[in-house]
*Asks:* 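Sharing a structure below in structure tokens format, with a few things to ask.
Source: prediction; values computed, not measured.
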Amino acid sequence: MHQLSANENPYPPLPSVAAALADAADRVNRYPDRFSTELTARLAERLAVPAAHLALGAGSVGVLQHLLQTFVREDGDEVLYAWPSFEAYPHLADIARGVSVRVPLGPGAVHDLGAMAAAIGERTRVVVVCNPNNPTGTTVPGSDLERFLDRVPAGVLVVLDEAYREFVTDPLVADGTDLYRDRPHVVVVRTFSKAYGLAGLRIGYAIAHEPVAARIRSAAVPFGVNSAAQTGAVASLDAEAELLARVGALVKERERTAQALADLGLPAPRSEANFLWLELGARTEEFGAACAEAGVAVRAFPGEGARLTIGTPEANDTALAVAAAFAPRS
């Protein structure tokens, strides 16, 4: 079964990363570095940010959970986000005993920032902007995002979820690390799961001004980032040039697959992530079942559409063969 349902990197760790992980296996009888000292220092250097501006967790989901647990303080506090977006947001808001406020995506499956700004109320504590958005792959232009951030009250935290940042090629899409520097209420969340191919190790991080980063760290589970994850992340940063070459290959495969779908009459919104979004409406579940029968697992959102992760060319071609049967008939 080709796994095109979880936005995973289809390729195994690079040899240098695998070797570092094998070496780390001999030390798993010891507790990990609770403060992820080496990795924090490497990330601070890589991102040109102070080490005190970083908070690590078990994937970006773990970091988001820590953030919501400390900033959603009372029953009825609101967490606002676009919809459809990352499926973990409602769950994480529930865990923090917050109230989800979902703002429908606008035309083209893009964040409606105007509607989101208008939806901010007295109980709004956190606003999440997934950029690129999961599951649609669409992005918010940097100029629009800056205007939105300037409209958000200073007491409301804005989380820029950039789990797919490394796949972005559009120069108009702002880098969250540039936006956060002079905006104390902005947090950037990223992960090693996607581009770096470490989904199974669960490691992500937040970039925020020191008071916010300190509060995120204060909610973290002690030793929550295991030693293998820390080792794998450091080794991946050492091998970043090779890893980004893989990302480039996946981006080319994304463009090839997107063009093939468009040629079938099934155009996907412009994606800057490692997946494509097919708006199939009532036929979504039928498409998902047909893919499974052909040996491809995709993520079907009943009544809305299907998210197709970019995998190997063979896997993508199998999905395209199924999609051909769902092409509109002239």
*Asks:* Is T124 close to D77 at the side-chain level, that is, under 4.5 Å between some pair of heavy atoms?
*Replies:* no
*Asks:* How many angstroms lie between CE in M1 and CD in Q3, if you round to the nearest 0.5 Å?
*Replies:* 7.0 Å
*Asks:* Is a side-chain N or O of E253 found less than 3.5 angstrom from the main chain of G311, in a donor-acceptor match?
*Replies:* no
*Asks:* Could you go through the side chain to side chain contact (heavy atoms under 4.5 Å, CB included) check for D161 and L64 one step at a time?
*Replies:* CA-CA 9 Å; D161 185 346; L64 282 168; 4.1 Å; yes
*Asks:* Less than 4.0 angstrom from a charged side-chain N to a carboxylate O is my criterion; do D317 and R256 meet it?
*Replies:* yes
*Asks:* Going by atom types alone, do T169 and E272 pair a side-chain donor with an acceptor below 3.5 Å?
*Replies:*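 Side-chain D/A pair, T169 to E272: present.
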*Asks:* Do the side chains of V79 and P90 get nearer than 4.5 Å, heavy atoms only?
*Replies:*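 Not touching, per the 4.5 Å side-chain cut-off.
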*Asks:* Mind checking whether V126 and L80 have side chains closer than 4.5 Å, heavy atoms only?
*Replies:* no
*Asks:* May I ask you to decide if G176's main-chain N or O and R181's side chain share a donor-acceptor pair within less than 3.5 Å?
*Replies:* no
*Asks:* Between CG of L243 and CD of E166, what distance do you get to the nearest 0.5 Å?
*Replies:*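 Reported value, rounded in 0.5 Å steps: 10.0 Å.
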*Asks:* Treat each ILVMFWY residue as a node, draw an edge where side-chain heavy atoms are under 4.5 Å apart, and state whether V188 and M116 are in one component.
*Replies:*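 Looking at the clustering, M116 is in the same group as V188.
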*Asks:* Please check if the side chain of S36 supplies one atom and the backbone of L39 the other of a donor-acceptor pair under 3.5 Å.
*Replies:*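 Not confirmed, S36 side chain does not pair with L39 backbone.
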*Asks:* Donor-acceptor pair, distance only, cut-off 3.5 Å: does the side chain of R97 make one with the backbone of D94?
*Replies:*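 Judged by distance alone, no pair lies under 3.5 Å.
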*Asks:* Given the rule in the side chain to side chain contact (heavy atoms under 4.5 Å, CB included) test, do R202 and S193 qualify, once you have shown the distances and angles that lead to the verdict?
*Replies:* CA-CA 7 Å; R202 310 308 304 128; S193 294; 3.0 Å; yes
*Asks:* Please check if the number of heavy atoms outside E38 that lie under 6.0 Å from its CD is greater than 12.
*Replies:*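 Atom CD in E38 is not crowded, with 12 or fewer foreign heavy atoms closer than 6.0 Å.
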*Asks:* My understanding is that only one of T191, L43, V189, I216 makes a side chain to side chain contact (heavy atoms under 4.5 Å, CB included) with Y205; could you say which?
*Replies:* L43
*Asks:* Going by an N to O cut-off under 4.0 Å, is there a salt bridge joining E255 and R270?
*Replies:*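 Salt bridge present between E255 and R270.
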*Asks:* Would you check if there is a donor-acceptor pair between the side chains of N226 and Q230 at a distance under 3.5 Å?
*Replies:*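 Result is no, nothing qualifies.
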*Asks:* Under a 3.5 Å distance rule, please check whether S271 uses its side chain to pair with a backbone N or O of A273 as donor and acceptor.
*Replies:* yes
*Asks:* Dump the intermediate steps for side chain to side chain contact (heavy atoms under 4.5 Å, CB included) on R165 and K194, then the final yes or no.
*Replies:* CA-CA 9 Å; R165 172 66 204 176; K194 311 303 182 184; over 6 Å; no
*Asks:* Should the pair Y89 and F86 be assigned to parallel (<30°), tilted (30 to 60°) or perpendicular (>60°) ring geometry?
*Replies:*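 Judged by the thresholds at 30° and 60°, the geometry between Y89 and F86 is perpendicular.
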*Asks:* Assess whether a salt bridge exists between E146 and R183, defined as any Lys/Arg side-chain N lying under 4.0 Å from an Asp/Glu carboxylate O.
*Replies:* yes
*Asks:* L145 and L179: side chain to side chain contact (heavy atoms under 4.5 Å, CB included), yes or no, with the steps?
*Replies:* CA-CA 9 Å; L145 186 54; L179 298 176; 3.5 Å; yes
*Asks:* Hey, are the side chains of P32 and V225 touching, using non-hydrogen atoms and a 4.5 Å cut-off?
*Replies:* no
*Asks:* Any sub-3.5 Å donor-acceptor pair from E242's side-chain atoms to L14's backbone N or O?
*Replies:* no
*Asks:* As an exercise, state the distance from OH of Y11 to CG of L250, rounded to the nearest 0.5 Å.
*Replies:*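 Answer rounded to 0.5 Å: 5.5 Å.
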*Asks:* Verify whether one side chain among N133 and T138 offers a donor that lies under 3.5 Å from an acceptor in the other.
*Replies:* no
*Asks:* Does V251 share a hydrophobic cluster with I310, counting links as ILVMFWY side-chain heavy atoms below 4.5 Å and allowing steps through other members?
*Replies:* yes
*Asks:* How many angstroms lie between atom CZ of R307 and atom CG of L278, to the nearest 0.5 angstrom?
*Replies:*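 Rounded to the nearest 0.5 Å, the CZ-CG separation comes out at 12.0 Å.
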*Asks:* Does V187 reach the side chain of I207, with side-chain heavy atoms less than 4.5 Å apart?
*Replies:*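 SC-SC contact between V187 and I207 ruled out.
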*Asks:* Taking atom OH of Y31 as the centre, does the number of heavy atoms from other residues, nucleotides or ligands within less than 6.0 Å exceed 12?
*Replies:* no
*Asks:* Is E74 salt-bridged to R125, cutoff N-O under 4.0 Å?
*Replies:*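 Looking at E74 and R125, the cut-off is not met.
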*Asks:* Assess whether a salt bridge exists between D150 and R147, defined as any Lys/Arg side-chain N lying under 4.0 Å from an Asp/Glu carboxylate O.
*Replies:*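 Salt bridge absent between D150 and R147.
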*Asks:* Count I, L, V, M, F, W, Y as connected when their side-chain heavy atoms are under 4.5 Å apart, and connections chain through other members. Are V212 and V186 then in the same cluster?
*Replies:* no
*Asks:* Pick out which of H185, H209, H53 makes a side chain to side chain donor-acceptor pair (under 3.5 Å) with Y180.
*Replies:* H53
*Asks:* For the side chain of N9 and the backbone of A195, is there at least one donor-acceptor N/O pair under 3.5 Å apart?
*Replies:* yes
*Asks:* Picking from V129, N131, V140, what satisfies side chain to side chain contact (heavy atoms under 4.5 Å, CB included) with L160?
*Replies:* V129
*Asks:* Examine distances only and state if a side-chain atom of T37 and a backbone atom of D33 form a donor-acceptor pair shorter than 3.5 Å.
*Replies:* no
*Asks:* Side-chain heavy atoms under 4.5 angstrom apart, residues restricted to Ile, Leu, Val, Met, Phe, Trp, Tyr: same cluster for V101 and F71?
*Replies:*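 Different clusters: V101 never reaches F71 through Ile, Leu, Val, Met, Phe, Trp or Tyr contacts under 4.5 Å.
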*Asks:* Within the distance-only criterion (no hydrogens, no angle test), does the side chain of S5 pair as donor or acceptor with the backbone N or O of V298 below 3.5 angstrom?
*Replies:*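 No, because the side chain of S5 does not come within donor-acceptor range (under 3.5 Å) of the backbone of V298.
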*Asks:* Can you tell if the side chain of V103 reaches within under 4.5 Å of the side chain of Y81, non-hydrogen atoms only?
*Replies:* no
*Asks:* Output yes when a side-chain donor or acceptor of R254 lies under 3.5 Å from a complementary backbone atom of F167, and no otherwise.
*Replies:*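 Checking the backbone N and O of F167 against the side chain of R254, a donor-acceptor pair under 3.5 Å is found.
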*Asks:* Which value, rounded to the nearest 0.5 Å, describes the distance between L157 atom CG and R215 atom CZ?
*Replies:*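 The distance works out to 8.5 Å.
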*Asks:* With a 4.5 Å limit on heavy-atom distance, are the side chains of F326 and E286 in contact?
*Replies:* yes
*Asks:* Over all heavy atoms of both residues, which pair between L264 and A327 is shortest? Give the atoms and the distance, please.
*Replies:*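 Minimum heavy-atom contact is O-CB, 3.1 Å.
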*Asks:* Can R299 be said to sit on top of F301's aromatic six-ring, NZ or CZ under 6.0 Å from centre and within 45° of the ring axis?
*Replies:*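 Satisfied, under 6.0 Å and within 45°.
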*Asks:* Could you tell me if the side chain of R30 sits less than 4.5 Å from the side chain of S227, heavy atoms only?
*Replies:*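 Contact flag for S227/R30 side chains = no.
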*Asks:* Measure the spacing between CZ of R217 and CG of L67 and express it to the nearest 0.5 Å.
*Replies:* 12.5 Å
*Asks:* Would you call D175 and R190 a salt bridge, taking side-chain N to carboxylate O under 4.0 Å as the test?
*Replies:* yes
